[in-house]
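Everything on this sheet refers to the single structure shown next.
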Amino acid sequence: MNKGVEKDGEISYALLDLYQPPTSHRDEFTTALNSVIKKVDSLIPVFGLRNPRISAPGTYKYTFCTADEWVASFWPGQLWLGYSVTGEERFKNSARMRREYFKRVLESPAWHDHDLGFLFSLTFVADYKLTGNQTCREMALRAADFLAARWRQPLPFVMCWNPQPRDVDTFAHRKTGTLNIDSMQGMALLYWATKETGQTSYADIADMHLDTCIKYLIREDYSSYHSFEFDPRTGKPLKGYTHQGYSDESCWSRGQSWAIHALAQCYLASNKGNYRTTAAKMADYVGQRVPDDGVLVWDYDLPADQHPYKDTSAAAITASGLYTLAHCYAGHPEAEKYTKIADKILHGLVSQHDITSVDGSEGLLKEGAAFVGLDRANNMLPYGDYYYMEALMRSVGHVDFFW
Ligand code: GLY
């Protein structure tokens, strides 16, 4: 565990840049990280047992998760990051107070979907990695078992969604054969399970899933589809489409960010060169589209007549993914290139969207776009907050996370 060091009367959580060219914004990002940690600390008594979901419209106040929400682990994830850098017990205790919520998820098969990775990497894997707690290790391995068991032949991937009784028949049918780009991040849980147990089957399934994602979700120009539909009975690939992006053929920025972060992280876990190369080409696509202010718009192909909502969550995930990619290229010129793009995006977030010093704000970043098609734009989002904290930590040299 890393502990802060005192510098000029202030605690600093920056580490030496051990593996990549140093960020050119070290002081700025160190100050921002310190402010983030103070804010997370101050929110522990405010949130109590609740996990933030999305901000109430027009406010910097969160609404909170009920049962079965994919975003429930991002606040515990921030608490575990806080514990990893400060060593202060209150971060750990608050994260652990949420165990019952996640135990209930494990015990409810109807709630199991491709988000098991998000839910359990940032809770039980985090606890086990930082404290050695054996119960958490077992719970995380059970989550990995449930995720791996979602592979249904003849489909060459882990099933993402579950048909629900409320779905109309056509959508229910489509759901079973749909592969989503968000699922890529979850594969880290399977690589972790192989590392823990020595059983290669978890990693084999993760490899199959990611190879299918690369083949069908990533286009020739290294932009991406949000989703790809297969015939669930025959496994025949049908077509790419979008769920949360602007259109079927556009490139949804958060989808692109999930793929870059996941592939870089999974390269570190598997050493498979194709993951690093694909992440790099997807990062090059983004590098040509970062706006002057550094902060990504919610879709890379938005027509001029559409409101260009920012998506600070996509920006934070991309920045964190690019620092991870720089780590993958340690010692190569690409490391400098991807650090530079990450710096531009993160500087944009720190200088224009960080709300940690706003009195009473319950989040770290404004202007996330959860789902523009459903009018959910301009919000604080717990995943934007989590990846912002992760990106700041990566920018100043931290390399141990829970993926
Ligand atoms: N459901 C994943 C996302 O909104 O990014």
Side-chain angles (χ1 to χ4, degrees), residues 51-55 62-63 65-75 77 105 111-122 147 150 157-162 164 167 171 174-175 178-189 209 213 217-218 223-229 240-248 250-263 265 282 286 295-300 309-321 363 365 367-388 390-391 403:
N51 294 315
R53 180 171 188 263
I54 187 170
S55 57
Y62 267 119
T63 63
C65 292
T66 53
D68 184 22
E69 303 246 16
W70 78 275
V71 301
S73 60
F74 293 106
W75 171 247
V105 175
W111 299 350
H112 296 176
D113 60 20
H114 65 168
D115 295 321
L116 285 166
F118 286 123
L119 291 169
F120 290 92
S121 291
L122 297 183
L147 185 59
R150 295 180 63 76
F157 56 87
V158 167
M159 192 169 84
C160 293
W161 282 334
N162 304 321
Q164 302 288 348
D167 295 335
F171 188 45
R174 191 180 201 187
K175 269 177 144 178
T178 286
L179 174 66
N180 287 323
I181 203 160
D182 343 359
S183 66
M184 295 175 77
Q185 188 83 323
M187 296 304 113
L189 181 67
H209 186 90
C213 290
L217 292 173
I218 317 299
S223 66
S224 49
Y225 286 114
H226 182 173
S227 302
F228 200 97
E229 188 183 355
Y241 73 103
T242 200
H243 186 62
Q244 282 158 268
Y246 173 70
S247 71
D248 286 347
S250 73
C251 181
W252 177 48
S253 346
R254 195 161 63 251
Q256 188 87 356
S257 72
W258 289 135
I260 293 170
H261 193 295
L263 288 170
Q265 194 60 49
M282 295 186 82
V286 171
V295 182
L296 308 177
V297 170
W298 70 282
D299 193 295
Y300 290 112
Y309 289 111
K310 295 290 188 188
D311 183 5
T312 54
S313 72
I317 300 161
T318 303
S320 192
L365 280 183
E367 292 185 57
F371 196 150
V372 175
L374 295 182
D375 275 339
R376 288 188 213 131
N378 218 347
N379 287 103
M380 301 189 304
L381 300 170
Y383 37 102
D385 292 349
Y386 169 82
Y387 283 93
Y388 181 49
E390 193 186 284
W403 308 110

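Because only heavy atoms are used, hydrogens play no part in the values below, and waters and symmetry mates are left out as well, while side chains stay in. Both ligands and their constituent atoms are indexed starting at 1 by order of listing. FYI, the numbering just counts along the sequence from 1.
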Relative to each other, are the rings of Y387 and H261 parallel, tilted or perpendicular (30° and 60° limits)?
perpendicular
Taking the six-membered ring for Trp, are F118 and W70 parallel (under 30°), tilted (30 to 60°) or perpendicular (over 60°)?
tilted
Identify all N/O pairs between ligand 1 and the protein with a separation under 3.5 Å and present them as a table of atom names and distances.
unit_1	atom_1	unit_2	atom_2	d
ligand 1	1 (N)	D182	OD2	3.1
ligand 1	4 (O)	Q244	NE2	2.9
ligand 1	4 (O)	R254	NH2	2.7
ligand 1	5 (O)	R254	NE	2.7
ligand 1	5 (O)	R254	NH2	3.3
ligand 1	5 (O)	W258	NE1	2.8

Distance col, row S227:OG vs W252:CH2, nearest 0.5 angstrom, shows 8.0 Å
Rounding to 0.5 Å, atoms CD1 (I317) and CD (E390) come to a distance of 9.5 Å
So CZ of R53 and CD of E69: to nearest 0.5 Å the spacing works out to 4.5 Å
A369 and K310 have their tightest heavy-atom pair at CB-O, 3.7 Å
